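Since this is a predicted model, take the numbers as computed values, not measurements. Below, read A as the first sequence line, B as the second, and so on, with proteins coming before strands; counting in each chain starts at 1.
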2 protein chains.
Amino acid sequence: MGQTRTYTRALEQLRSVGLRPTRQRLALAKLLFEQGDRHVTAEQLHGEATDALVKVSLATIYNTLHQFVDAGLLREVVVEPGRSYFDTNTGDHHHFFHESQGDLIDINDNVLERANIPTPPDGTRVSRVDVVIRVRDEE
Amino acid sequence: MGQTRTYTRALEQLRSVGLRPTRQRLALAKLLFEQGDRHVTAEQLHGEATDALVKVSLATIYNTLHQFVDAGLLREVVVEPGRSYFDTNTGDHHHFFHESQGDLIDINDNVLERANIPTPPDGTRVSRVDVVIRVRDEE
DNA sequence: ATAGCTGCAAATGCTTTGCAAGGCC
DNA sequence: GGCCTTGCAAAGCATTTGCAGCTAT
């Protein structure tokens, strides 16, 4: 199993959404999608890339994350003012957010069923439902 | 009904949470709480204060908003990276968020009942549940 | 060849902070 | 008077942008 083989999945993933498989995008896709569901910030991913000896600038991390979001490979989650999380799980699900640790945890159990969603204002349609259950340490 | 009488409610509100009723805080409380439920950003409130000929610096707006949040008079709502909304409705309720207009609308119909909330991770307890239904213009 | 990427550094936008001057009790 | 507040300007962060050089097709 050579080094080239390692990137097959990421390569196909990028092709399928029409993004050029550059060295940076391949490496980031690999970091993001080949270890199960995860939630990362731009800064974190940048750190991981650096640790993996992949040279990528922070600007490229941001560009790439947003391209992945636009392509439907990632979902952006906003839980704190001034910081975005990117979730590799793009399916319909909610989150626990640990307020002091700044940690996101998926809730796969889908609490809010479609049927329960209130009718949106006239002239608009629902684009997404975000449910965040904020938790803190028990005293 | 003199000018002094006008500030009675705001004054009591501030006293009740132990904040000194300064000129700025009184004016902001009046703008925030005397026109029904509203959602404002710091910048917006600053504009309103200026329009009302109340001199307040943006730094004081931020300080005051956070003091009001800590005192339980306001609730902070995070829907966009890099911008905070402050909601005068501190009760249990959810929001529609109009993505292109950046507009928040209360949903008083409480969709997510307590009973439906999944059990939080061990050692933590639920501090709040945020539900944001993102909507966009119908094409 | 060329349209698309990348990276740097500078710019942006919101928010916070340090500290001197001012105001409330 | 003494402590809390305010305001300005500067600093802080996360994120975005402009643009010259590089790269996949």
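The shortest heavy-atom contact between A/A10 and A/E34 is N-OE2, 4.0 Å. Summarising the geometry of B/L11 relative to B/P21, their closest heavy-atom pair is CG-CB, 4.4 Å, with the distance given to 0.1 Å.
Of the candidates C/dT6, D/dT17, D/dA9, D/dT17 carries the atom nearest the A/A59 side chain, counting heavy atoms from C-beta on. Comparing C/dC24, D/dC8, D/dA14 by their nearest atom to the side chain of A/E43 picks out D/dA14. Among the nucleotides D/dA24, C/dG7, D/dG7, the one closest to any side-chain atom of B/S57 is D/dG7. Here the side chain of A/R20 is nearest to one of C/dT6, D/dT15, C/dC5, namely C/dC5. Considering only side-chain atoms of A/Y62, the nucleotide from D/dA14, D/dA24, D/dT5 that sits closest is D/dA14.
The stretch residues 11-29 of chain B participates, sequence neighbours left out, in these side chain to side chain donor-acceptor pair (under 3.5 Å) pairs: B/R25-B/Q67.
Using a 4.0 Å heavy-atom distance criterion, A/H46 is classed as making no nucleic acid contact. Here B/T22 lies in heavy-atom contact (under 4.0 Å) with sugar-phosphate atoms only. Counting non-hydrogen atoms under 4.0 angstrom, B/R83 reaches the backbone sugars and phosphates but no base. Heavy atoms of B/S84 sit under 4.0 angstrom from primed sugar atoms or phosphate atoms, though from no base atom.
A sub-4.0 Å separation between OP1 or OP2 of D/dT15 and a side-chain N or O of A/H66 is absent. Between D/dC4 and B/Q67, no contact under 4.0 Å exists linking OP1 or OP2 to a side-chain N or O.
Residues B/G82 and B/N63 each lie close to DNA chain C; by heavy-atom proximity, the contact nearer the 5' end of the strand is made by B/G82. Both A/P81 and A/R25 lie close to DNA chain C; mapped to their nearest nucleotides by heavy-atom distance, the more 5′-ward contact belongs to A/R25.
In this structure, B/E80 places its CD atom 10 Å from P of C/dC14, rounding to the nearest Å. Separating the CZ atom of B/R15 from the C1' atom of C/dC24 is a distance of 11 Å, rounded to the nearest angstrom. One interatomic measurement links the two molecules: CG of A/L58 to C1' of C/dC5, which rounds to 16 Å at whole-angstrom precision. D/dT15 atom P lies 10 Å from atom OH of A/Y85, rounded to whole Å. Rounding to whole angstrom units, NZ of residue A/K55 and P of D/dC22 are separated by 12 Å. Atoms CD1 (A/I61) and P (D/dT17) sit 17 Å apart, rounded to a whole Å. When the C1' atom of D/dT5 is taken as reference, atom CG of B/L19 falls 11 Å away, rounded to whole Å. Separating the CG atom of A/L65 from the C1' atom of D/dT16 is a distance of 13 Å, rounded to the nearest angstrom.
Inter-residue side-chain proximity for B/N108 and B/N89 is flagged as met; some heavy-atom pair is nearer than 4.5 Å. For the pair B/L19/B/F68, a side-chain contact is recorded, criterion being any heavy-atom separation below 4.5 Å from C-beta on.
Side-chain contact, A/S127 with B/E99: a donor N or O sits under 3.5 Å from an acceptor N or O.
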